[in-house]
Amino acid sequence: MSAKDKECGHHSKGRRKLFRRIIAGILIFLLIVLITILIIWAVLRPSKPRFVLQETTVYGFNASVPNFLTSSFQVTVSSRNPNDRIGIYYDRLDIYATYRDQQITPRTALPPTYQGHKEVNVWSPFVYGNMVPISPDFSVALGSEQAAGSIFLTIKIDGRVRWKVGAFVSGRYHLYARCPAYITFGSKSNGYMVGDNVVKFQFVTRCSVSV
C-alpha cells in the first residue's frame, strides 16, 4: 500500500470518528432537553381546566312526534385555567346535548383559543337539533318525563388541548367535559321567561372534566 493510500485511509477514519462524535453530541443534547422538559413538567404538574355550566336558555323542546326530537338551546359555559405557570391551547372544542347518553343535537364547534394563567373564557353557543331520531324506548321515557315536568340532560364538550410551559408546547390531549342540566316544564319550572315560550335556567353547575 502506498503512502498516499495510507493517508487517504487515515483521513477517512478521522471523518467517520468526527461524524460519530457530532451525532453523539446531538443525541446527548436532545436527551438533556427532554429530561429538562420532563423535570419542569413534573414540578409544575399541570391541572386540568375547570368547566362550569352557568345557564341554559330553552327556545324549543318538542318530543310530540314519536321517535323524533326537536330542540333548541343556548348554553353558557365557562372554563378556568387553574395553573399558575401553564397556558392552555384549546385547538378544538365541540359542544352538544345528550339524553341518557344518546346524542340529541349535532355538534356545535366553539372557536379555538388560548387561555393564559388563571384566565377564564366564556362561550354562549346555540345547540339545536331538528327532528333528530331517538330510540323508541328513549322516546317514550322522554315524553313521560316532559309530561311529569322535568328532564335531565347532559351538555357534553369534546375537544383537543395542548399545554404551554414557557416556550415548550405539548402534544394534543383529548378533553372531555360533562355538564348536568336539569330542565323543568310547566308549573314545576324553576326557570324564568325571557320571551315568547323562551325559558332561561341558571345552574352554575360544575362539570366533570377528564384529560
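Note: hydrogens, waters and symmetry copies are ignored here, and every other heavy atom, side chains too, is used.
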Look at the side chain of [X] and the backbone N and O of [Y], then say whether any donor-acceptor pair between them is shorter than 3.5 Å.
X: Asn81; Y: Ile86; value: yes
X: Gln115; Y: Ser79; value: yes
X: Lys200; Y: Gln202; value: no

Between Gln54 and Ser78, do the side chains contain an N or O donor and an N or O acceptor separated by less than 3.5 Å?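 Yes, a side-chain donor-acceptor pair sits under 3.5 Å.
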Are Tyr90 and Asn121 close enough that a side-chain donor and a side-chain acceptor fall under 3.5 Å?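 Checked: Tyr90/Asn121 side chains show no N/O donor-acceptor pair below 3.5 Å.
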In terms of heavy-atom contacts, does CZ of Phe29 have more than 12 from other residues, nucleotides or ligands at under 6.0 Å?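 Not buried by this count: 12 neighbours or fewer within 6.0 Å.
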Exceeds 12 heavy-atom contacts within 6.0 angstrom, atom CZ of Phe152: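 Correct, the count exceeds 12.
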Cluster link [X] to [Y], ILVMFWY, side chain under 4.5 Å:
X: Tyr173; Y: Val165; value: yes
X: Ile183; Y: Met193; value: yes
X: Phe61; Y: Phe68; value: no

Any side-chain heavy-atom pair from [X] and [Y] closer than 4.5 angstrom?
X: Trp163; Y: Phe168; answer: no
X: Phe203; Y: Thr56; answer: yes
X: Thr57; Y: Phe73; answer: no
X: Phe201; Y: Glu55; answer: no
X: Asp91; Y: Arg172; answer: yes
X: Tyr114; Y: Lys164; answer: yes
X: Ile157; Y: Val77; answer: yes
X: Val161; Y: Val211; answer: yes

Summary of salt bridge (charged side-chain N to carboxylate O under 4.0 Å, His left out) pairs that have at least one residue in residues 118-141, sequence neighbours excluded: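 Passing the test, one end in residues 118-141: Asp84-Lys118.
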Ignoring hydrogens, what is the shortest heavy-atom contact between Leu142 and Tyr99? Give both atom names and the distance.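 So the two residues come closest at N-OH, 3.5 Å.
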Nearest heavy-atom neighbours spanning Ile104 and Ser71: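 Closest pair (atom of Ile104, atom of Ser71, distance): O-OG, 4.2 Å.
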Rounded distance (nearest 0.5 Å) linking atom [atom1] of [X] with atom [atom2] of [Y]:
X: Ile155; Y: Cys207; atom1: CD1; atom2: SG; result: 9.0 Å
X: Arg107; Y: Tyr96; atom1: CZ; atom2: OH; result: 4.5 Å
X: Thr105; Y: Leu69; atom1: OG1; atom2: CG; result: 9.0 Å

Step by step, would you call Val209 with Tyr176 a side-chain contact (heavy atoms from CB on, under 4.5 Å)? CA-CA 6 Å; Val209 180; Tyr176 300 92; over 6 Å; no
Out of Thr154, Asp158, Thr98, which residue meets the side chain to side chain donor-acceptor pair (under 3.5 Å) rule with Arg178?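 It is Asp158, the one option of Thr154, Asp158, Thr98 that forms the side chain to side chain donor-acceptor pair (under 3.5 Å) with Arg178.
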Please table the atom pairs, donor to acceptor, closer than 3.5 Å between any side-chain atom in residues 122-136 and protein atoms at least two apart or in another chain.
| unit_1 | atom_1 | unit_2 | atom_2 | d |
| --- | --- | --- | --- | --- |
| Ser124 | OG | Thr76 | OG1 | 3.0 |
| Ser135 | OG | Phe138 | N | 3.3 |

Is there a side-chain hydrogen bond (donor to acceptor under 3.5 Å, both in side chains) between Asn197 and Tyr59 once you walk through the steps? CA-CA 7 Å; Asn197 297 319; Tyr59 287 86; over 6 Å; no
Got a salt bridge between Lys156 and Asp101, using NZ or NE/NH1/NH2 to carboxylate O under 4.0 Å?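 Result for this pair is yes, salt bridge flagged.
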Show the numbers, then the answer: is there a side-chain contact (heavy atoms from CB on, under 4.5 Å) between Val199 and Val194? CA-CA 6 Å; Val199 183; Val194 293; over 6 Å; no
Name all residues meeting the side-chain hydrogen bond (donor to acceptor under 3.5 Å, both in side chains) criterion together with Thr184; count only those two or more places apart in sequence or in a different chain, and write none if there are none.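 Counting only residues at least two positions away or on another chain, Thr184 forms a side-chain hydrogen bond (donor to acceptor under 3.5 Å, both in side chains) with Asn190.
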Evaluate side-chain contact (heavy atoms from CB on, under 4.5 Å) for Leu27 paired with Leu31, printing each intermediate quantity in order. CA-CA 6 Å; Leu27 292 176; Leu31 181 60; over 6 Å; no
